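Chain letters run A, B, ... following the sequence lines, proteins first, then strands; residues in each count from 1. Since the structure is predicted, the reported quantities are computational estimates derived from the model, not experimental observations. The analysis underlying the following values was restricted to heavy atoms, covering all of them including side chains, and did not include hydrogens, waters or symmetry mates.
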Amino acid sequence: MCPDLIFLDSSTLAHVNYTPMIMRLSDLNPAQHDAATSTEGPLLVLAGAGSGKTRVLTHRIAHIVENGLASPHQILAITFTNKSASEMKHRLAQLCAAKSRAMWVMTFHAMCVRMLRAHSDLIGFDRSFTIYDADDSKRMIKEVMKSIGLDEKRYPVPGIASRVSLAKNELIGPAELASSAVTPIDKAAAKVFARYKRRMRDSNAMDFDDLLVETHTLLTSCPEALEAYQERFIYIMVDEYQDTNHAQYRIVNLLASKRRNLMVVGDDDQSIYSWRGADISNILEFEKDYPEAAVVRLEQNYRSSATILAAANAVVANNSGRKPKTLWTANAGGESITRYRAEDERDEGRFIASEIERLLRDENRGYSDFAIFYRTNAQSRVIEDALLRSGTPYQIVGGTKFFERAEIRDVMAYLKVMVNAADEISLKRIINKPRRGIGKTTVERLEAEAISRAEPFEAVLRRCAAGEYGSGPAAKVGPFVELLDELRASAAATLRDQIEAAIERTGLIGELQSENTFESSGRIENIREFLGVVDEYASARAFSEEEAPVGLPGFMEWLALRSDLDSVAEGSETVTLMTIHTAKGLEFPVVFIAGLEDSIFPHANSMFDSSGLEEERRLAYVAITRARERLYLTHARSRSLYGTTNYNAPSRFIAEIPQEHLSGGFVTPPKTAVRTPVAGAQYLTGEVVEHKVFGVGVIVDVAGEKVTVDFKGLGRKNLLKDFAPLRKVQTGGSD
DNA sequence: TGGTTTAGAGTTTTT
DNA sequence: CTCTAAACCA
């Protein structure tokens with residue numbers, strides 16, 4: 001997908017000459033070599049940050065194949081992200097060429113989907129089941145709550161959803177959750193869970209958690225299936241083991257229990273997803289589960305300067321219950337860490353922007369050398385603002401997501417309904433999009449009818465279209481049902497043609513065109529961009545496995561399991577902004593960690609219990625260890641958040657770094673760094689402009705100092721008209 | 001039914 | 001402060 005990316009996380013690249021096509025175990029240090037060649041029996045690899053674990057994993061797999069210990073299709077390597085899966089695949093392709101194709105190198109969820117599709121009949125789902133994302137899942141929970149009369153005010157949907165999700169991650173079912181429920185909200189969650197489960201099954205849909213739960217069910221209730229996989233996978237490897245939840249842990253154990261050639265790689269100090277059900281004890285207690293396990297520690301860090309590593313070590317040393325390990329490096333001491341105490345968050349942004357400009361000049365660096373991390377997304381705004389003022393090109397990773405846009409979700413809902421007629425949530429989403437006069441009351445009546453008849457929603461729609469509920473609704477619903485039939489019957493030469501024709505036929509674009517506003521033209525643009533995603537899929541699929549489903553169902557599966565992170569444009573010369581969670585697994589020469597204040601980082605909600613605080617500390621450890629050469633820690637004396645100003649103490653994590661590694665504290669930013677603003681420009685709504693970072697966009701609104709610009713593919717941005725690096729574009733259209 | 005207004009909520013989010 | 005979603009009115 002992004003060939004340039006292959007080595008991005010290759011922490012070892014700096015010291016080893018990587019030679020494609022030739023596997024050289026001699027390139028590994030003794031511990032790495034040990035981990036790569038200890039193939040028989042269980043193995044726990046404790047891999048510190050930047051210690052070359054991906055390198056070990058790929059060399060180990062290559063070693064297994066080269067020595068004929070197993071053939072490629074008998075190897076299973078599980079990762080957490082698509083990004084690390086594709087990185088590993090690329091590296092394997094270079095190490096052992098075509099043989100890597102038959103291997104299962106994929107995420108947990110992708111593995112589950114593959115198993116579930118192969119055996120869907122055994123677990124009572126149709127092969128064409130839909131994967132619901134968090135938004136679909138929340139809608140379903142909402143519907144369930146409405147149907148049993150639970151008040152959303154008293155029982156907030158996110159609270160119910162997270163309880164259900166955590167239960168699933170623990171492999172706890174509705175009945176068990178009900179029996180352990182004490183508080184009203186827990187009782188409500190258990191009630192919702194039971195019905196949710198039923199409705200999901202009726203809709204032939206699974207959410208992300210269900211993929212794990214159902215796979216576990218499959219493997220425990222169908223011994224033949226389990227045995228087949230146990231026989232097949234001679235060697236199993238799991239990356240980021242510290243982030244496995246209980247369901248994942250059980251699935252791995254089931255698969256590995258026969259041959260016991262299980263290698264898990266992880267770092268307990270980098271466990272930062274416990275709030276999502278990740279269970280750190282899975283790694284801490286691996287040796288209890290597998291008493292015969294060998295343990296290898298990768299303790300040499302190849303990434304960071306000695307100073308940065310010392311700071312990271314010092315911070316994380318304050319946590320208790322860690323696996324004992326000391327990360328060391330042969331790298332030079334390097335620059336001391338710069339601490340900057342800003343007056344407020346604007347000053348903080350200004351400092352970061354000016355330091356970037358200074359290093360760019362004095363150290364001859366490029367923009368892509370820099371990354372800015374923050375604890376919460378809300379912090380990015382002010383930093384963006386400062387970067388815009390200084391004319392620094394940047395990209396935000398995470399943030400507003402293309403696939404969360406309403407118009408994209410609408411298109412996807414149509415496609416889901418085409419694949420899976422039982423998908424009620426998607427059906428309800430599109431029933432009145434574009435507007436066809438089917439309002440809330442009609443939908444509610446049809447829904448009640450569906451429940452009382454115990455029929456699928458679409459069946460009731462067909463009754464309605466046939467006139468069972470009068471001619472008025474029939475006239476509205478009839479054309480919709482016809483549309484569905486047509487979409488499902490459509491045949492086209494290519495997937496792209498099929499989807500393009502479907503979008504056209506739905507009338508979504510037609511409605512947006514008749515709106516004829518700048519916003520609607522942006523939405524049309526987004527829908528067109530969606531077709532680009534189809535092409536992206538086609539090319540991604542072109543050089544991957546043949547076992548995966550093809551056509552529209554294959555595309556929908558790929559869409560459901562992909563993430564926005566996959567499409568991050570890494571080749572571009574920009575500063576990168578992201579949350580610390582997103583930064584895990586990446587590295588940059590220069591790193592800024594912003595907002596190091598108590599109640600921001602550590603976050604107020606996690607500050608007052610020790611497990612929460614320890615996870616925040618691990619987050620700090622992850623953030624610090626992303627830096628190769630230079631590290632900046634910034635905090636602000638005052639910070640306004642949600643309209644109120646707070647005075648936060650500097651983060652306790654700063655105090656945990658030995659003073660000899662810190663410099664500054666009161667660095668004054670040079671004022672000269674701020675670029676001359678392009679003051680005085682007048683913009684009118686509808687004008688086309690070009691932005692240094694965001695590209696071409698249309699002015700949607702002008703209000704005082706601010707202009708709102710709708711950028712192609714990026715959506716709307718509020719910019720300061722006198723500072724933003726904007727330039728008027730002569731032509732009328734933005735194609 | 002559909003547009004407008006107002007009320008409330010706002011850590012982190014690999015899939 | 002700023003975005004989203006439910007209530008409200010035409």
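Distance CD (A:Gln270) to C1' (B:dT12): 16 Å, rounded to an integer number of Å. A:Asp209 places its CG atom 14 Å from the P atom of B:dT14, with the value rounded to the nearest Å. What separates CD of A:Glu404 from P of C:dT4 is a distance of 10 Å, to the nearest Å. We find that CZ of A:Phe608 is positioned 14 Å from C1' of B:dT11, with the value rounded to whole Å. Distance, A:Met578 CE to B:dT13 P: 11 Å, rounded to whole Å.
An aromatic stacking contact links A:His603 with the base of B:dT11, defined here by ring centres under 5.5 Å apart and ring planes under 30° from parallel. Remark: ring of A:Tyr273 not stacked against base of B:dT13; the cut-offs of centroid gap under 5.5 Å and plane tilt under 30° are not jointly satisfied.
A cation-pi arrangement is present between A:Arg117 and A:Phe129 under the rule of less than 6.0 angstrom and at most 45 degrees off the ring axis.
A residue-by-residue look at A:Asp135 and A:Lys440 shows that A:Asp135 has its nearest nucleotide of DNA chain C further toward the 5' end. In terms of position along DNA chain B, the nucleotide closest to A:Asn432 lies nearer the 5' end than the nucleotide closest to the other residue of the pair A:Glu615 and A:Asn432. Map A:Glu152 and A:Gly643 each onto its nearest nucleotide of DNA chain C; the residue landing nearer the 5' end is A:Gly643.
Under the Watson-Crick and G-U wobble criteria, each requiring two contacts below 3.5 Å, nucleotide B:dG10 is paired to C:dC1.
Nucleotide C:dT4 is shown with an anti base, its glycosidic torsion being more than 90° from 0.
Two rings, from A:Tyr273 and A:His581, have their centers less than 6.0 Å apart.
With salt bridges taken as basic N to acidic carboxylate O contacts below 4.0 Å, one links A:Glu240 and A:Lys53.
In this structure, A:Asp210 CG and A:Ser137 OG are separated by 8.0 Å, a value rounded to the nearest 0.5 Å.
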